[in-house]
Structures are given as C-alpha cells and as structure tokens.
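Computed over heavy atoms, backbone and side chain alike; hydrogens, waters and symmetry mates excluded. Just so you know, ligand 1 is whichever comes first in the structure, and atom 1 is the first atom listed for that ligand. Just so we're clear, the structure is a prediction, and the values are computed from it rather than from any experiment.
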Amino acid sequence: MSADLFESMKQSVIDGDEERSAELAQQALAQGIDPLVAINAGFVLGINHVGEQFGVGEMFLPDLMLAAEAMKAAVAVLEPEMKRRGTQREVLGRVVLGTVKGDIHEIGKNLVAMMLSASGFEVHDLGVDVPFQKFAEKAREVKADIVGVSALLTTTMTGQKTVIEVLDDMGLRPQVKVIVGGAPVTRSWAQEIGADGYSEDAMGAVALAKKLVGK
Ligand code: B1M
C-alpha cells in the first residue's frame with residue numbers, strides 16, 4: 001500500500017539509511033508512483049522531521065547529515081524518471097541557479113533544477129556557496145532569462161538581496177528576472193528585496209519561471 005511505502009520512506013530518511021531510501025525509491029518506480037509524489041509524500045517528510053528535531057535539540061548535526069545523504073540517495077534513483085517524464089523539448093528559457101554564498105544546502109535547489117530542466121528550461125546550476133558576482137557573470141555569459149537564488153539560512157537570505165544589487169550594478173536588470181526560494185524565504189521578503197518572484201516549492205518555481213518568460 002502506498003501509505004505504508006510513504007511512511008517507510010519517511011522513516012528511512014529519519015534513520016539516515018541511504019541504502020533503504022534508495023531501495024524504497026526503486027520500489028516506488030516499480031509501482032508507477034510519480035517520483036515527485038514519492039519525494040513530497042515520503043522522503044521530504046523524513047527530512048522535515050529531522051530538521052524539526054534538530055531545531056529543538058533532540059537530534060544533532062550527524063543525524064542531519066545522514067538524513068541528507070539518505071534523501072540524496074533517493075533523489076538520485078528518482079531523477080532519471082523525473083527527467084524522462086519531462087517530454088517537452090522546446091527550450092522555454094535559460095535559468096542560472098545556485099545556493100547563495102555561505103550556504104551549502106543543496107537538496108531543495110537540486111529539486112528546483114531538476115523540475116525546471118524536466119519542464120524544458122536550460123538550467124545552469126552553479127552549485128552551493130555561490131559568490132554573488134558569479135550569478136551575475138554566468139547570467140551575462142549565457143544570456144539568462146532568469147537567475148534563481150536559493151537560501152536555507154536566515155543568515156544567508158540577505159545574500160539574495162546582494163545578488164539583485166550586483167545584477168543591477170552590471171546593468172542586467174530588469175531584463176534578467178530574479179526568483180528566490182528556500183525554507184525561510186517568504187513572499188514579503190521577495191517583494192522587499194525587489195525579486196520578480198518567490199515560490200515555496202519546485203513545482204511552483206516552474207510555474208513562476210514559465211510566467212516570467214511569458215509561456
Ligand atoms: Co541545515 N539547517 N544547517 N543542514 N538543514 C536547516 C535549514 C534548519 C532550518 C534546521 C533547524 O534548525 N531546524 C537550520 C536553519 C535555521 C535558520 O537559519 N533559521 C539549519 C542549520 C542551523 C544548519 C547549520 C548552521 C547547522 C550547524 O552547522 N550548526 C549548517 C549550515 C551549513 C551551511 O549552509 N553553511 C547546516 C548544515 C546542514 C547539512 C549540511 C547537514 C544538511 C544539508 C545537506 C545538503 O543539502 N547536501 C542540512 C539539512 C539537510 C537541513 C534540513 C534538515 C533540511 C533541508 C532540506 O534539504 N530540505 C533543514 C530543516 C528544514 O528545512 N526542514 C535545515 C528538503 C528540501 C526538499 O526542502 O531545501 O526547503 P528545501 O527546498 C524546497 C523549498 O524551500 C523550495 O523548493 C524546494 C523543493 O520543494 N526552494 C526553492 C528551495 N530553493 C528554492 C529556490 C527557488 C524556488 C524554490 O527559486 C530559486
């Protein structure tokens with residue numbers, strides 16, 4: 001039953017059991033479950049639980065790291081199917097994406113990259129801990145339509161504002177649109193810093209990107 005499978009997925013991430021997470025991801029594919037549903041209804045619940053427990057001092061950094069590895073192992077199994085399902089091949093636009101300087105959280109950013117790419121965007125993923133200037137340089141180099149800046153820490157969110165300022169200084173705005181996201185980011189923060197859009201999840205980021213390029 002899917003409910004049991006989703007519960008096992010959640011538990012495998014809480015346990016930091018990489019092998020089990022990958023195995024459960026395989027099972028989901030074998031059962032024809034949409035990979036994004038497996039992520040959102042299963043694995044993400046596990047990582048959220050670990051995050052909450054970490055926040056209240058019930059779990060510790062090693063638990064967080066093991067959970068992240070388990071989550072990544074599951075996503076690695078599901079990724080090819082996510083890509084395969086993105087049958088649309090017309091390039092909708094170019095997106096430069098990264099997690100901002102000082103921040104090494106990559107799981108959410110990777111999901112956003114995967115969904116954008118599966119939906120027909122050309123994605124230039126700069127990785128994590130990306131210097132502000134690098135977003136702008138890459139945007140100029142590849143003639144990006146959109147720059148996407150992810151931040152998971154309240155201390156690194158301000159870097160999203162700096163990226164917009166650097167883009168402004170380089171004369172790349174308003175042609176290059178900026179979208180922001182990450183757990184602590186809100187719509188009002190996005191408005192405050194002059195971003196063109198905010199999304200709370202990967203599917204929302206795709207809808208937003210399509211809107212911004214007029215598709
Ligand atoms: Co970190 N961490 N962490 N961590 N970690 C958080 C973010 C935290 C909330 C945990 C907590 O205390 N409850 C907390 C931040 C507190 C705060 O700032 N308010 C925290 C902390 C404190 C830290 C350290 C400082 C811990 C320490 O060292 N003492 C440290 C900082 C390191 C650094 O970056 N400099 C740290 C380290 C780590 C690990 C390395 C162990 C690991 C990351 C591993 C990796 O990514 N390879 C980790 C993890 C796993 C987490 C939690 C548990 C999970 C993050 C995650 O992957 N979520 C997290 C708690 C939580 O958020 N529940 C936590 C799953 C992912 C699918 O969701 O990333 O939100 P998310 O992405 C979503 C949306 O936000 C959105 O779409 C995604 C898909 O739906 N989205 C976008 C994301 N980016 C987007 C961009 C867009 C649009 C949408 O457009 C561009």
Side-chain angles (χ1 to χ4, degrees), residues 9-10 13-14 16 18 21 35-76 78-79 82 95-119 121 123-130 135 139 144-160 163-164 176-187 189-190 193 195-212:
M9 288 169 175
K10 173 182 170 185
V13 173
I14 295 172
E18 233 178 290
S21 293
L36 199 59
V37 171
I39 290 172
N40 288 333
F43 299 111
V44 161
L45 302 185
I47 200 116
N48 284 348
H49 176 84
V50 174
E52 283 158 20
Q53 294 299 300
F54 176 78
V56 296
E58 292 290 331
M59 285 179 110
F60 305 97
L61 197 54
D63 303 310
L64 211 61
M65 292 170 82
L66 285 171
E69 288 309 312
M71 173 93 198
K72 279 168 68 181
V75 172
L78 298 169
E79 186 176 2
M82 285 168 84
V95 183
V96 167
L97 185 69
T99 303
V100 76
K101 187 170 169 53
D103 197 326
I104 60 166
H105 294 86
E106 64 179 343
I107 297 170
K109 183 266 299 165
N110 289 351
L111 280 176
V112 172
M114 258 183 258
M115 291 313 296
L116 283 171
S117 163
S119 307
F121 283 89
V123 178
H124 299 266
D125 186 349
L126 300 175
V128 297
D129 192 18
V130 180
F135 283 95
D145 302 292
I146 297 171
V147 167
V149 192
S150 182
L152 264 286
L153 299 169
T154 42
T155 49
T156 57
M157 272 168 69
T158 50
Q160 294 178 323
V163 171
I164 294 176
V176 178
K177 308 293 182 207
V178 177
I179 65 176
V180 293
V185 179
T186 58
R187 195 169 303 281
W189 167 251
I193 64 173
D196 299 286
Y198 151 79
S199 158
E200 64 174 5
D201 59 27
M203 285 313 290
V206 171
L208 180 61
K210 282 185 176 169
K211 194 170 133 209
L212 289 174

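Contact annotation for atom 21 (C) of ligand 1: protein present (non-hydrogen atoms, distance under 4.0 Å). Note that atom 36 (C) of ligand 1 has protein non-hydrogen atoms nearby, at separations under 4.0 angstrom. For atom 9 (C) of ligand 1, the protein comes within 4.0 Å by no heavy atom at all. The presence of a protein heavy atom under 4.0 Å from atom 59 (C) of ligand 1 is ruled out.
Here is the list of ligand 1 atoms found below 4.0 Å of a heavy atom in Asp103: 34 (O). Interface atoms of ligand 1 facing Gly55, defined by a heavy-atom separation under 4.0 Å, are 12 (O), 13 (N). Those atoms of ligand 1 with a heavy atom of Gly102 less than 4.0 angstrom away are 33 (C), 34 (O), 35 (N). Against a heavy-atom cut-off of under 4.0 Å, Ile47 is close to the following atoms of ligand 1: 50 (C), 53 (C), 54 (C), 58 (N), 65 (C). For ligand 1, the atoms closer than 4.0 angstrom to any heavy atom of Glu106 are 45 (C), 46 (O), 47 (N). With ligand atoms numbered from 1 in the order given, ligand 1 contributes 74 (C), 75 (O), 76 (C), 77 (O) to contacts under 4.0 Å with heavy atoms of Glu200.
Excluding waters, the protein N/O/S atoms found under 2.8 Å from atom 1 (Co) of ligand 1 are His105 NE2.
Residue contacts with ligand 1 for Ile107 involve both N, CA, C or O and side-chain atoms from C-beta outward (heavy atoms, distance under 4.0 Å). Here Val149 has backbone heavy atoms under 4.0 Å from ligand 1, and that is the only part of it that gets that close. The side chain of Leu61, and not its backbone, has at least one atom closer than 4.0 Å to an atom of ligand 1 (non-hydrogen atoms only; side chain from C-beta on).
What sits closest to atom 33 (C) of ligand 1 on the protein, heavy atoms only, is Ile104 CG1, 3.4 Å. Distance from atom 78 (C) of ligand 1 to its nearest protein heavy atom, with residue and atom name: Gly108 CA, 3.7 Å. Among protein heavy atoms, atom 84 (N) of ligand 1 sits closest to Ser150 OG, 2.8 Å. Here the heavy atom of the protein found nearest to atom 41 (C) of ligand 1 is Met65 CG, 3.3 Å. Looking from atom 81 (N) of ligand 1 to the surrounding protein, the closest heavy atom is Gly182 N, 3.5 Å. Distance from atom 79 (C) of ligand 1 to its nearest protein heavy atom, with residue and atom name: Ala202 N, 3.8 Å. With hydrogens left out, the protein atom closest to atom 89 (C) of ligand 1 is Ser199 O, 3.3 Å, a heavy atom. Of the protein's non-hydrogen atoms, Thr154 OG1, 3.7 Å is the one closest to atom 17 (C) of ligand 1.
Listed by first then second residue, pairs satisfying salt bridge (charged side-chain N to carboxylate O under 4.0 Å, His left out) with a partner in residues 53-70 read Glu69-Lys72, not counting sequence neighbours.
In this structure, Val44 and Met71 approach most closely via the heavy-atom pair CG2-CE, 3.7 Å.
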Inset, instruction - Could you please spell out the steps behind the side-chain contact (heavy atoms from CB on, under 4.5 Å) verdict for Asp125 and Asn110? - result: CA-CA 8 Å; Asp125 186 349; Asn110 289 351; 3.8 Å; yes
